[in-house]
Amino acid sequence: HAAELMSEHRRTGEKFREKDRLAHDELANALRSAGIAEADMLADLVMAASYGIALKATDEKRMTAAIRLLCRRVIGPELG
């Protein structure tokens with residue numbers, strides 16, 4: 001049973017990594033299209049910070065509000 005659990009855990013992790021990669025790429029492409037020079041690095045920052053917010057948020061409403069605030073404060077100035 002342990003081998004089954006570990007292989008399932010690995011498959012699930014791969015699915016989440018793929019979704020994260022797709023979300024990162026979509027964000028980086030949107031930032032790049034908006035003329036942001038360091039789009040990939042900014043996408044890395046937003047994704048990592050959002051992950052931290054999601055871990056610490058007490059409910060979905062506060063999590064969403066915090067991630068939106070993060071994006072306004074971090075991405076907004078880059079847009080000019």
Side-chain angles (χ1 to χ4, degrees):
H1 291 294
E4 287 178 38
L5 288 174
M6 291 307 292
S7 65
E8 183 59 31
H9 176 73
R10 189 173 300 116
R11 281 192 298 275
T12 301
E14 289 169 4
K15 290 177 189 176
F16 284 117
R17 277 190 296 280
E18 180 64 15
K19 288 182 186 282
D20 281 350
R21 188 191 61 74
L22 291 172
H24 175 276
D25 291 350
E26 185 177 338
L27 176 58
N29 287 334
L31 294 171
R32 203 172 293 106
S33 293
I36 294 176
E38 295 178 312
D40 286 307
M41 187 177 292
L42 188 55
D44 288 344
L45 174 68
V46 169
M47 295 292 291
S50 296
Y51 177 77
I53 291 169
L55 287 176
K56 292 290 188 175
T58 55
D59 61 57
E60 187 175 350
K61 184 176 178 181
R62 292 182 66 80
M63 178 189 70
T64 301
I67 292 172
R68 286 183 176 158
L69 177 61
L70 166 75
C71 291
R72 283 194 306 271
R73 298 288 171 91
V74 173
I75 297 171
E78 295 296 318
L79 296 173

Going from CZ on R17 to CG on L22, what distance comes out if it is rounded to the nearest 0.5 angstrom?
13.0 Å
Under the side chain to side chain donor-acceptor pair (under 3.5 Å) definition, can you give me all pairs with a residue in residues 66-80, not counting sequence neighbours?
none
Qualifying residues under side chain to side chain contact (heavy atoms under 4.5 Å, CB included), relative to L79, sequence neighbours excluded:
A34, I36, I75
How would you list, by chain and number, every residue that makes a side chain to side chain contact (heavy atoms under 4.5 Å, CB included) with M41, sequence neighbours excluded?
E38
For E18, what residues pass the salt bridge (charged side-chain N to carboxylate O under 4.0 Å, His left out) criterion, not counting sequence neighbours?
R21
Considering residues at least two apart in sequence or located in another chain, which fulfil the salt bridge (charged side-chain N to carboxylate O under 4.0 Å, His left out) criterion with D40?
R32
Residues 43-56 side chain polar contacts: donor-acceptor under 3.5 Å, at least two apart:
{"unit_1": "D44", "atom_1": "OD1", "unit_2": "H24", "atom_2": "NE2", "d": "2.6"}
{"unit_1": "S50", "atom_1": "OG", "unit_2": "V46", "atom_2": "O", "d": "2.7"}

